[in-house]
Amino acid sequence: MRVRFAPSPTGRFHIGGARTALYNYLLARQTGGSFVLRIEDTDQKRYDPTAQDEIMDSLRWLGLDWDEGPDIGGPFAPYKQSERLLIYHNLIEELIDRGSAYYCFCSPERLSQVRNEQQKQNLSPRYDGYCRSLSLQDARARAKDGESHVVRFKTPKEGKTTGIDLLRDPIIVDNINIDDYILLKSDGIPVYHMAAISDDHLMEITHVFRGSEWLPTFPLHVLIYEAFEWEQPQWIHLSVFLNPTGKGKLSKRTAMDPKSGVKSVYTLDLKELGYLHEAVNNWCALMGWSYDDHTEIFPMEDLIEKFSLDKLSSSPAAVNFSKLDHFNGIYIRELPSQELKRRILPFLQEAGYRVEDETLESIIPLIRERIHTLDEAVEMAGFFFQETIHPDPSLLIGKDMTASQSAFAAQRVYEVIEALPSMECDSLENELRNLADELNLKASQLFGILRIAVTGQSVSPPLIESMEVIGKSKVLERIQEAIALLSAQSDTK
RNA sequence: GCCCCCAUCGUCUAGGGGACCAGGACGCGGGCCUUUCAAGCCCAAAACGGGGGUUCGAAUCCCCCUGGGGGCACCA
């Protein structure tokens with residue numbers, strides 16, 4: 001089995017592409033086949049020189065390594081279409097010789113004029129066949145003379161064409177509805193219809209995954225295969241991703257709207273947002289594919305083992321980022337500590353913290369259940385690394401307490417901790433609970449004051465364990481500061 | 001306008017004529033646990049778009065309608 005992922009380097013790499021690449025990869029790895037990366041850069045106008053790197057970086061991040069591609073070569077090199085122009089030219093010559101394609105000298109102006117008139121009459125815009133019956137000899141001569149021209153496919157005017165897609169019923173279209181599409185542009189570069197079809201054949205691709213936006217031109221592609229008398233691959237047209245509401249194709253516009261819940265549609269952004277590639281793969285896989293009526297967690301090995309074409313869905317899927325968050329939380333909780341540490345580190349460093357390995361190591365168990373994305377570690381655990389924190393003074397006042405009562409409690413905590421031989425958390429907790437009893441406070445009242453004093457946050461990792469990590473002197477320092485802040489407040493209660 | 005595709009809870013989905021007064025998951029609501037927040041556990045609400053057929057029997061098959069999506073470039 002040979003599959004290929006064939007993106008165009010025209011912009012940023014989005015999650016729809018990630019899913020298509022994933023399915024290709026899964027099939028290749030499951031069957032021991034080959035996964036080919038091919039760059040379809042036949043559009044010189046939309047070409048983005050940074051795009052190929054982003055495609056490859058994204059695939060690498062996701063762990064979707066390819067067996068043949070522009071960077072590593074392979075038996076069917078080159079893998080960039082711009083480097084295969086000669087191949088297409090020869091094939092187009094062959095197609096002309098076979099009577100399935102013809103030169104067309106119509107100017108863009110004439111073409112748009114024809115289109116306009118057709119639209120005015122409510123007809124489908126279609127090439128009117130002006131050059132279709134030019135004598136081949138004359139046309140060749142004109143082309144050789146340098147007259148600007150394209151080459152068009154000579155679509156049969158009668159009959160029907162049937163496309164077989166693995167996910168749906170046969171798609172049968174009247175040939176009269178298929179345009180004489182341009183195969184070769186006047187700049188000598190082929191369009192997708194020519195290049196992709198040729199390469200899939202030449203590279204011996206057995207299964208083609210592509211977006212459902214190709215369904216309308218699917219019959220044309222079948223016709224091209226027939227014209228060359230080539231054997232067709234298995235076709236799988238994947239449905240598009242929809243906006244979270246299920247209305248409209250997922251777009252970067254949606255991602256701009258915070259209400260949509262769409263953090264970004266770009267794969268590499270997801271990495272920056274603190275998502276694990278394991279979760280992204282799992283999430284993508286399940287939009288359009290399912291295994292059974294209850295299994296949802298599929299690490300890559302399981303995906304490779306269990307993926308199957310017959311469980312693919314043909315209906316479009318709305319993306320749901322809260323589900324991604326859910327998956328991400330699960331994978332974060334299951335990641336080995338060393339690995340989680342390694343992945344969180346860059347986010348803390350990015351936030352400007354100097355992170356000692358040992359500190360981070362002891363923090364991991366305190367935060368791993370509390371974060372859904374890696375970047376949340378910054379917010380959750382920043383206080384461990386800050387030299388000083390700046391708690392909101394009003395939050396330092398305990399529940400149903402006055403400022404001076406709170407200050408007194410804090411003072412007593414200070415004394416208790418100062419007297420303690422170590423910050424070992426079992427004994428620390430014991431001491432503090434005893435103190436709460438002694439002060440006639442609920443544990444939650446005392447811990448509340450302390451939490452704000454030590455972490456600066458009303459939501460934090462477990463307090464006692466956090467204090468143990470922060471260390472005695474720094475904890476005492478922060479309590480001291482809290483007492484000062486409390487003493488400066490009047491008892492308004 | 002023309003062509004093509006799709007249709008089960010808000011969302012992702014299971015379902016392949018009787019096993020379905022439709023199952024799982026996210027989210028939402030409630031509860032338990034609890035030093036906050038999570039995590040975990042438990043409970044609840046929530047769907048077969050409509051109409052015709054076929055059949056003893058339809059979420060499942062067929063047709064129509066509706067809705068949604070995609071396409072109609074010298075883009076992919």
Side-chain angles (χ1 to χ4, degrees), chain A residues 6-8 10 40-46 104 106-108 111-112 115 118-126 148-152 163 165 167-169 171-174 177-179 181-187 189-193 195-196 210-219 237 239-240 242 244-249 261 283 286-297 311 313-327 329 333 367-372 380 429 432-433 436 442-448 450-452 455 457-464:
Chain A
S8 299
T10 51
E40 308 217 323
D41 57 344
T42 53
D43 185 345
Q44 66 281 67
K45 289 193 204 75
R46 292 197 304 158
C104 171
C106 295
S107 67
L111 259 23
S112 71
R115 242 195 314 272
Q118 287 166 330
Q119 271 163 350
K120 238 179 270 173
Q121 294 171 58
N122 269 342
L123 296 167
S124 307
R126 212 102 73 196
S148 177
H149 66 279
V150 301
V151 175
R152 288 180 181 275
D165 175 281
L167 268 36
R168 43 208 115 213
D169 291 337
I171 292 157
I172 304 164
V173 175
D174 287 322
N177 286 321
I178 306 173
D179 203 356
Y181 286 93
I182 287 171
L183 261 24
L184 186 73
K185 295 182 276 185
S186 58
D187 60 5
I189 299 174
V191 299
Y192 171 90
H193 307 303
R210 40 150 47 165
S212 64
E213 65 269 23
W214 293 111
L215 242 18
T217 45
F218 183 21
H237 291 89
S239 59
V240 293
L242 266 24
T245 52
K247 305 239 184 277
K249 189 162 77 160
W283 179 61
L286 255 24
M287 285 188 283
W289 176 80
S290 62
Y291 177 66
D292 58 19
D293 65 349
H294 65 279
T295 316
E296 293 230 285
I297 302 305
K311 303 289 274 180
S313 159
S314 54
S315 50
V319 300
N320 182 346
F321 272 73
S322 59
K323 191 129 187 176
L324 208 212
D325 287 341
H326 169 72
F327 283 134
R333 273 169 257 138
I367 64 171
R368 87 177 312 146
E369 287 181 350
R370 273 163 258 267
I371 57 175
H372 295 96
M380 181 71 66
E429 176 163 4
L432 291 175
R433 284 188 186 278
K442 281 186 260 178
S444 60
Q445 287 176 298
L446 188 63
F447 289 172
L450 258 186
R451 184 183 309 283
I452 301 288
T455 71
Q457 304 166 189
S458 51
V459 171
S460 81
L463 179 63
I464 312 293

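Chain naming here is simple, since letters A, B, ... match the order of the sequence lines and numbering starts at 1 in each.
- Across all strands, Ser458(A) comes closer than 4.0 Å to base atoms (heavy-atom distances).
- The nucleotide C28(B) finds no pairing partner, because no Watson-Crick or G-U wobble arrangement with both distances shorter than 3.5 Å includes it.
- The nucleotide whose nearest atom lies closest to any side-chain atom of Ala318(A) is, among A38(B), C5(B), C12(B), C12(B).
- Remark: C1' of U34(B) and CZ of Arg370(A) are 11 Å apart, rounded to the nearest angstrom.
- Trp283(A) comes within 4.0 angstrom of nothing in the nucleic acid, heavy atoms only.
- Few gaps surround NZ on Lys185(A); more than 12 heavy atoms of other groups in view lie less than 6.0 Å from it.
- C37(B) and U11(B) have their C1' atoms separated by 26 Å, with the value rounded to a whole Å.
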Distances for protein N/O vs nucleotides 1-3 of chain B N/O pairs under 3.5 angstrom?
from, atom 1, to, atom 2, distance (Å)
G1(B), O4', Asn122(A), OD1, 3.4
G1(B), O2', Asn122(A), O, 2.7
C2(B), O2', Ser124(A), OG, 3.0

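- Nucleic acid contact class of Ser186(A) (heavy atoms, under 4.0 Å, all strands): base.
- Residue contacts for Leu286(A): at a heavy-atom cut-off of 4.0 Å it reaches the sugar-phosphate backbone alone, with no base atom in range.
- Minimum atom distance to the side chain of Trp214(A) is reached by A76(B), of the listed U11(B), A38(B), A76(B).
- The shortest distance between the side-chain N/O atoms of Ser290(A) and the OP1/OP2 oxygens of A14(B) is below 4.0 Å.
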Test side-chain contact (heavy atoms from CB on, under 4.5 Å) on Trp283(A) and Val319(A) and set out the steps.
CA-CA 9 Å; Trp283(A) 179 61; Val319(A) 300; 4.1 Å; yes
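- Backbone-only engagement by Gly288(A) is indicated by non-hydrogen atom pairs under 4.0 Å involving sugar-phosphate atoms exclusively.
- Atom CD1 of Ile182(A) and atom C1' of C74(B) are 4 Å apart (whole Å).
- In this structure, the CZ atom of Arg115(A) is 5 Å from the P atom of A73(B), given to the nearest Å.
- For Glu213(A) and A76(B), the CD to C1' distance is 8 Å, given to the nearest whole Å.
- Checking the phosphate oxygens (OP1, OP2) of C75(B), a side-chain nitrogen or oxygen of Lys185(A) falls inside 4.0 Å.
- Under 4.0 angstrom from either OP1 or OP2 of G15(B) there lies at least one side-chain N or O belonging to Lys311(A).
- Residue contacts for His237(A): at a heavy-atom cut-off of 4.0 Å it reaches no nucleic acid atom on any strand shown.
- Nucleotides A73(B) and A58(B) place their P atoms 46 Å apart, quoted to the nearest Å.
- Look at G1(B): its Watson-Crick or wobble partner, with both distances under 3.5 angstrom, is C72(B).
- If you take atom C1' in A7(B) and the same atom in A59(B), they sit 12 Å apart, rounded to whole Å.
- Nearest nucleotide to the Pro108(A) side chain, out of C4(B), U36(B), C74(B): C74(B).
- Classification of Lys323(A) and Glu296(A) as a salt-bridged pair holds, one side-chain N sitting under 4.0 Å from a carboxylate O.
- One interatomic measurement links the two molecules: NE2 of His193(A) to P of A76(B), which rounds to 8 Å at whole-angstrom precision.
- Separating the CE atom of Met287(A) from the P atom of C6(B) is a distance of 20 Å, rounded to the nearest angstrom.
- As rounded to whole Å, 20 Å separates atom P of C48(B) from atom CG of Asp293(A).
- The shortest non-hydrogen separation linking Ile178(A) to Val173(A) is CG1-CG1, 4.2 Å.
- Within 4.0 Å (heavy atoms only), Thr42(A) reaches sugar-phosphate atoms of the nucleic acid but no base atom.
- Pro461(A) comes within 4.0 angstrom of a base, heavy atoms only.
- Nucleic acid contact for Gly211(A): none, since no nucleic acid atom lies under 4.0 Å from a heavy atom of the residue.
- Taking the side chain of Ile171(A) as heavy atoms from C-beta on, and the options C5(B), A39(B), C6(B), the nearest nucleotide is C5(B).
- Among the nucleotides C5(B), U36(B), U35(B), the one closest to the side chain of Val459(A) is U36(B).
- Nearest approach of Lys311(A) to Ser290(A), heavy atoms of both residues: CB-O, 3.1 Å.
- Contact annotation for Val240(A): backbone-only contact, meaning every heavy-atom pair under 4.0 Å involves sugar-phosphate atoms and none involves a base.
- For Lys323(A), no side-chain nitrogen or oxygen approaches OP1 or OP2 of C12(B) to under 4.0 Å.
- Residues Val240(A) and Glu213(A) approach most closely at CG1-OE1, 4.1 Å, considering heavy atoms.
- For the pair His294(A) and G24(B), the criterion of a side-chain N or O lying under 4.0 Å from OP1 or OP2 is not met.
- Rounded to an integer number of Å, the gap from Glu296(A) CD to G24(B) P is 12 Å.
- Figure legend. A7(B) is base-paired to U66(B); pairs are counted as Watson-Crick or G-U wobble with both atom distances under 3.5 Å.
- Using atom P as the reference point in both A44(B) and G49(B), the two lie 25 Å apart (nearest Å).
- Checking G27(B), U35(B), U11(B) against every side-chain atom of Ser444(A), the shortest atom distance belongs to U35(B).
- One cannot find a donor-acceptor pair under 3.5 Å joining the base of C6(B) and the side-chain atoms of Ser315(A).
- Taking the six-membered ring for Trp and thresholds of 30 and 60 degrees, His193(A) and Trp214(A) have ring planes more than 60 degrees apart, a perpendicular arrangement.
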